[in-house]
Amino acid sequence: RELTTTTKLSLTDLIDKLSDHIRHRIDPEVAVKALTKYSGHEVPEEYAVIYYSRLIACWIIEASTTLNIVKISSRST
């Protein structure tokens, strides 16, 4: 809702904005359990929450690009 069709952001900024929006919805305890099982070693809660919020943000961007909701283009230098 915050971003309009004319908003231009770097991919990094878009991931950051989405992950900040998602972060509070992730249960830290569940995130730690899942990432610990996946990685084979225990990780701090904050790291696990950031990891999953960024992962979900990337999935949202990928799905949005596939559905032509957002367009990602390379920057001219």
Side-chain angles (χ1 to χ4, degrees):
R1 294 178 189 173
E2 178 182 324
L3 307 174
T4 64
T5 56
T6 59
T7 302
K8 291 186 179 184
L9 294 172
S10 70
L11 185 56
T12 302
D13 289 342
L14 181 56
I15 292 169
D16 290 344
K17 283 185 177 290
L18 283 171
S19 65
D20 287 345
H21 183 71
I22 294 165
R23 188 171 289 146
H24 74 279
R25 298 175 182 191
I26 296 174
D27 182 330
E29 196 173 308
V30 173
V32 167
K33 285 181 183 180
L35 194 51
T36 297
K37 185 174 182 178
Y38 174 73
S39 68
H41 57 88
E42 194 158 335
V43 296
E45 279 187 3
E46 184 64 19
Y47 180 86
V49 169
I50 290 169
Y51 177 87
Y52 282 113
S53 66
R54 292 183 67 80
L55 180 65
I56 293 167
C58 290
W59 286 344
I60 291 169
I61 293 167
E62 183 177 5
S64 298
T65 302
T66 300
L67 297 171
N68 292 319
I69 296 169
V70 297
K71 180 181 177 186
I72 298 176
S73 57
S74 61
R75 212 184 266 184
S76 303
T77 55

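- Under the 4.5 Å side-chain heavy-atom criterion for ILVMFWY residues, a single connected hydrophobic cluster contains both Leu18 and Leu9.
- Nearest heavy atom pair, residue Ala57 against residue Ser19, reads CB-N, 3.8 Å.
- Between Arg23 and Asp20 there is a salt bridge, with a side-chain nitrogen of the basic residue lying less than 4.0 Å from a carboxylate oxygen of the acidic one.
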TODO: Check the pair Glu42, Leu35 against side chain to side chain contact (heavy atoms under 4.5 Å, CB included), reporting the backbone distance first and the verdict last.
DONE: CA-CA 8 Å; Glu42 194 158 335; Leu35 194 51; over 6 Å; no
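- Between Tyr47 and Tyr51, the ring-plane angle classifies as parallel under the 30° and 60° cut-offs.
- Rounding to the nearest 0.5 angstrom, the gap separating the CD1 atom in Ile60 from the NE2 atom in His21 is 8.0 Å.
- Between Val49 and Val32 the shortest side-chain heavy-atom distance does not fall below 4.5 Å.
- Hydrophobic clustering keeps Ile50 apart from Val30 (ILVMFWY residues linked when any side-chain heavy atoms are closer than 4.5 Å, directly or through intermediates).
- Following chains of ILVMFWY side-chain contacts shorter than 4.5 Å, one cannot reach Ile69 starting from Ile56, and the two form parts of different hydrophobic clusters.
- Side-chain contact, Asp13 with Ser10: a donor N or O sits under 3.5 Å from an acceptor N or O.
- Rounding to the nearest 0.5 Å places CG of Leu11 at 7.0 Å from SG of Cys58.
- Counting all heavy atoms, side chain and backbone alike, Tyr52 lies closest to Ala31 at CE1-O, 3.5 Å.
- Looking at heavy atoms from C-beta onward, Thr65 lies out of side-chain contact with Lys71 at the 4.5 angstrom threshold.
- Ile22 and Ile15 fall within the same hydrophobic cluster, where Ile, Leu, Val, Met, Phe, Trp and Tyr residues are linked whenever their side-chain heavy atoms come under 4.5 Å apart, directly or through other members.
- Under the 4.5 Å side-chain heavy-atom criterion for grouping Ile, Leu, Val, Met, Phe, Trp and Tyr, Trp59 is connected to Tyr38 within one hydrophobic cluster.
- In this structure, CD on Glu45 lies 8.5 Å from CG on Asp27, to the nearest 0.5 angstrom.
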